[in-house]
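See below for the structure under consideration.
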Amino acid sequence: MIARWIDYLRERANIVRGCFFAFLLFAVLFDFVIDRPKPHFFGDTIIGFWSLFGLLGCLLMIIICKGLSHVWLERKEDPYDN
Amino acid sequence: MITDLFIHPTSWFILGALLMPFAKRFGVQKIWLIIIPLMAMATIYRLPDSFGIVNYLGFELQFGRVDKLTFIFLHVFTLMALIGCIFGLQVKESGQHIAAFLYVAGSLGVTLAGDYLTLFIFWELMAFASTFLIWYRKKQRSIEAGYRYLLVHTAGGLVLLAGIFLLYQSGHDLSFGVFSQEGAGWAEYLIMIGFLLNAAAPPIHAWLPDAYPEATVTGAVFMCAFTTKTAVYVLMRGFPGFEVLAIIGACMALYGVGYAVIENDARRILAYHVVSQVGYMVCGVGIGTAMALNGVAAHAYAHIIYKALLFMGAGAVLEMTGRSKLSELGGLYRTMPLTMIFTIIGGIAISGFPLTSGFVSKSMIVAAAGYNHQTILLVMLLLAGVGTFLSVGIKLPYFIWFGKDSGIRAKEAPWNMQLAMAMAAFVCILFGVYPAALYSMLPYAASYQPYYAYHLSETFQLFGFTGLGFYLMVKYLKPHDVSNLDLDWFYRKGSVRFINFAKGPIVSANEWVSNVYKNIGLSMTMALARAFSWFDKEGIDWTIDGSARNIVAGGNSIRQIQTGRIQHYIAAGVIAVVVVLVVVILI
């Protein structure tokens, strides 16, 4: 039952994608209307700061970690055999 | 003292472990596995503030010291033991259950210990018992990983013991109290290092991602809950407000999550993620305000449940498919949908979604960093949160249940595994929807309200746009069949290099010395020895009626029981410790 429901959604990937982008829009718009408590640091005062932080943080983390792994840390399965 | 014995929750698990073979013999092992944790849970509500004080060899040992901080940890440990036992019901081997029970016993013993000697005994019991949870996987890799795990923990235990000795030397007082940062010296910092090793703080963390993925399916569920969180508890007891912990913790949070982004094995990703989450807690201990410490206790509770839930999910997949590498999995939503839903609940709880336990616990530590104006810590912890959602919230479920279809059509996990996962998922959501259930157990007086508009807005944006980042980069995150080097290189490859060095110059020098000895020294020594031996046998033994001959015969028969297998010796050692403990508590 659950599997069929997921199949149904997978066949309509465009709608799911649309909902996701609508949520992103909502998250940014929501930040315009809320009350801001006393800020802890400058980021708390900028509208949409956490959107940028989330996106850049995620991209940087992927690029840096995957990059380090690729050029240095990565070994074929079990580097300690032999 | 007999009554004392039965109010100590540890005694239930020791009793449970000792009688487990009989329970199996009479076919009631499954009932036994449920009754013991339930009895221990019932016991913790009735504990007096102080009990089990024993004078032994001039030391005052305190087996029970109870306050609100102890209670919340006892509560989650016993609940976790129950969930873990239900998850492991289908395991027939009683040995695995005995190891798990002794491990839980050690953990409860540490939590209740009022002095460092008692703490140390239970600390070592935990290390030894948990090693068997790795060995019971019975694969070559697990046996090797188990030995490394044991060696690292023995080394950590020795550092702790050295600290305890120095502490005794300086004040002749081994009671387990709070240290102050100003007066801290060698003794305090050695003890802290011993604790930090169990908390898996880099650079002494590599034992954790080395050992946990090699443990048995149920073993990993137990291990992810107890060792690191017991370490968090003792750090909270001994070292609140030590600034160095705040820095170490924030680094741990990022370090663990960085590896979780790049690893391939599901249980290895989760193991690295334990390092990251414990980092939040260690950081909170370092911040040291009442709110931060409440956050640590709340986060420890929430984390034990959802991390166990994730390990149960990955374990169920391993049990049913025989695989745990993301590169070999995919498309499992068709046949294991319930396991998927439970694991995703764990994933969103650990990421800190609204209406889950992570949202109400993690944010307390982050907010405490904010109130203390420690902006760098705040940003590091929030960045680690982004990585958490990326690696465990999205990447792990996506590549196991969706992603490229691996063609595996495994059956859904057995009912007991699903029940255990459902219980853990229920707790994750209960605390998210009704935070007062968690907050009412917190040890310090500090009020915190997680649901306010700005916090919700921050969370929506962080998660939404982390999701966008994943969506944009998904092809770069595709798992490959690789593993990554970590600092265990130093004792795995480094030790091999040392041995190679030793084989060269050191061996040749040694050979030269032994040649000289063989040619000159040995013949002289042998002649002398023959002379003494003759005198001993014919002269002395004859005078005392041949008793030496009898001892030789006795020695030969004792030699038969020495099997030469270290596992047997360690098992015998653990049993001996338990017997000594029982005797000490009884006296």
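Every chain is numbered from 1 and lettered A, B, ... according to where its sequence line falls, protein lines coming before strand lines.
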* **CZ-CD distance between A:Phe30 and B:Glu458, expressed to the nearest 0.5 angstrom** => 12.0 Å

* **Heavy-atom pair with the smallest gap, counting every atom of A:Lys66 and B:Ile262** => N-CG2, 3.8 Å

* **Contacting region of B:Phe402 [heavy-atom separation from chain A under 4.5 Å]** => both

* Would you mind checking which part of B:Met340 comes under 4.5 Å of any heavy atom in chain A, side chain (CB onward), backbone (N, CA, C, O), both or neither? => side chain

* Structure fact -> Exactly one candidate in A:Val28, A:Leu59, A:Leu52 meets side-chain contact (heavy atoms from CB on, under 4.5 Å) with B:Phe465; the answer is A:Val28

* Asked: Would a 4.5 Å heavy-atom cut-off, applied to side chains only, mark B:Tyr476 and A:Ile63 as touching?
  -> no

* Based on non-hydrogen pairs under 4.5 Å, which of B:Tyr471, B:Phe463, B:Phe470 is most in contact with chain A? -> B:Tyr471

* A:Asp35 and B:Tyr452 side chains, donor-acceptor separation under 3.5 Å -> no

* Asked: Which atoms of B:Leu382 come close to chain A, meaning under 4.5 Å heavy atom to heavy atom: side chain ones, backbone ones, both, or neither?
  -> both

* To do: Would you check if A:Leu55 and B:Thr466 make a side-chain contact, meaning some heavy-atom pair closer than 4.5 Å?
  => no

* Structure fact -> Of A:Asp44, A:Leu73, A:Leu24, the largest count of non-hydrogen pairs under 4.5 angstrom with chain B goes to A:Leu73

* To do: Please flag which part of A:Arg4 lies under 4.5 Å from any non-hydrogen atom of chain B: side chain, backbone, both or neither.
  => neither

* **B:Val379 versus chain A, the contacting section by heavy-atom distance below 4.5 Å** => both

* Where on B:Leu390 is there a heavy atom nearer than 4.5 Å to chain A: the side chain, the backbone, both, or neither? -> side chain

* Asked: chain B: which of A:Cys58, A:Ser51, A:Gly54 shares the most heavy-atom pairs with it under 4.5 Å?
  -> A:Ser51

* Structure fact -> So ring-ring contact (aromatic ring centres under 6.0 Å, His included) across residues 3-25 of chain A, not counting sequence neighbours, yields A:Phe23-B:Phe460

* Structure fact -> Output for pair (A:Ile34 CD1, B:His455 NE2), nearest 0.5 Å, gives 11.5 Å

* Going by heavy atoms in the side chains, are B:Val257 and A:Met61 under 4.5 Å from each other? -> yes

* Give the minimum heavy-atom separation between B:Leu383 and A:Gly57, together with the two atoms involved. => CD1-CA, 3.7 Å

* **B:Gln461 to A:Phe49 - nearest heavy-atom pair and separation** => OE1-N, 4.1 Å

* **Heavy-atom contacts under 4.5 Å, residues 370-377 of chain B to chain A** => B:Gly370, B:Tyr371, B:His373, B:Thr375

* Structure fact -> Separation between CD1 (B:Ile341) and CD1 (A:Ile2), nearest 0.5 Å, reads 3.5 Å

* With side chain to side chain donor-acceptor pair (under 3.5 Å) as the test, would you mind laying out the steps for B:Tyr454 and A:Asp31 before giving the verdict? => CA-CA 8 Å; B:Tyr454 184 69; A:Asp31 209 30; 6.0 Å; no

